[in-house]
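Below is one structure, written out as structure tokens, with a few remarks after it.
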Amino acid sequence: MPVDFSGTWNLVSNDNFEGYMVALGIDFATRKIAKMLKPQKVIKQDGDSFYIHTTSTFRDYLLEFKVGEEFEEDNKGLDNRKCKSLVTWENDKLVCVQTGEKKNRGWTHWLEGDDLHLELRCENQVCKQVFKRA
Ligand code: VL7
């Protein structure tokens, strides 16, 4: 059975989100609000087609892609930098490389038990998020 990330997921831990946001150049006032948030992710997966909607009381972000197909990402409402993104499978992990102005930018999703894990990377910063099913 291939891995299926579909579902509604609530953030339960968020390690070094501050460092990740600093690396992205997010201003102090925005960081202060952003780090209080408990975002929810709604993921719809149909084979290699993904819809990932991250929502919060402050901002939300929608990403749709197919694994193996590079796309333009605008990061609207986040750092607003454009990049070229490519998501691939590495075994059962979903790995995104975001090529652009920021070095070493990307993220990895995987399932562990019934939890959804997300590692967000930018430059020398790694943020680790864990989500539980709503
Ligand atoms: C998306 C936030 C910090 C700006 C607001 C914070 C709003 C809720 O890209 C992401 O996930 C991938 C993988 O699931 C799918 O797009 C992470 C949150 C990153 C970066 C920037 C702070 C302002 C948080 C949208």
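Nothing here was measured: the structure is a model prediction, and the numbers come from that model. Read the numbers this way: they start at 1 and go in the same order the structure lists the ligands and their atoms.
Residue contact check: Arg59 has heavy atoms under 4.0 Å from atoms 8 (C), 23 (C), 25 (C) of ligand 1. Counting the atoms of ligand 1 from 1 in the order shown, those under 4.0 Å from a heavy atom of Tyr20 are 20 (C). Near Leu63, meaning under 4.0 Å from any of its heavy atoms, are these atoms of ligand 1: 15 (C), 16 (O). Set against the non-hydrogen atoms of Thr30, the atoms of ligand 1 under 4.0 Å away are 23 (C). Within ligand 1, counting atoms from 1 as listed, the ones closer than 4.0 Å to a heavy atom of Ile26 are 4 (C), 21 (C). Ligand-side atoms of ligand 1 in range of Tyr61: 16 (O), range being under 4.0 angstrom from any heavy atom.
Among protein heavy atoms, atom 11 (O) of ligand 1 sits closest to Lys41 NZ, 3.1 Å. Shortest contact from atom 24 (C) of ligand 1 to any protein heavy atom: Leu37 CD1, 4.4 Å. What sits closest to atom 17 (C) of ligand 1 on the protein, heavy atoms only, is Leu120 CD2, 3.9 Å. Nearest protein heavy-atom contact of atom 3 (C) of ligand 1 is Met21 CG, 3.7 Å. Of all protein heavy atoms, the one lying nearest to atom 6 (C) of ligand 1 is Ala34 CB, 3.8 Å.
Under the side-chain hydrogen bond (donor to acceptor under 3.5 Å, both in side chains) rule, Asn75 has a single partner from Lys102, Lys82, Arg81, Arg105, which is Arg105.
Between the side chain of Arg121 and the main chain of Asn104, no donor-acceptor pair closer than 3.5 Å is present. In this structure, the side chain of Thr8 does not engage the main chain of Ala134 through any donor-acceptor pair within 3.5 Å. With hydrogens and angles disregarded, a donor-acceptor distance shorter than 3.5 Å links the side chain of Asn16 to the backbone of Gly19. Within the 3.5 Å criterion, the main-chain N or O of Lys93 finds no donor-acceptor partner in the side chain of Asn91.
In this structure, His109 has a heavy atom closer than 4.0 Å to ligand 1.
Ring planes of Phe65 and Phe50: parallel class, angle under 30° (limits at 30 and 60°).
The hydrophobic clustering, which links ILVMFWY residues whose side-chain heavy atoms are closer than 4.5 Å, places Phe17 and Leu63 together.
With rounding to the nearest 0.5 Å, the separation of OG1 in Thr30 from CG in Asp79 is 11.5 Å.
Geometrically, Lys41 does not engage Trp9 in a cation-pi contact defined by less than 6.0 Å to the ring centre and at most 45° from the axis.
Compare Asn14, Asn80, Thr57, Leu78 by their heavy atoms: the one nearest to atom 19 (C) of ligand 1 is in Leu78.
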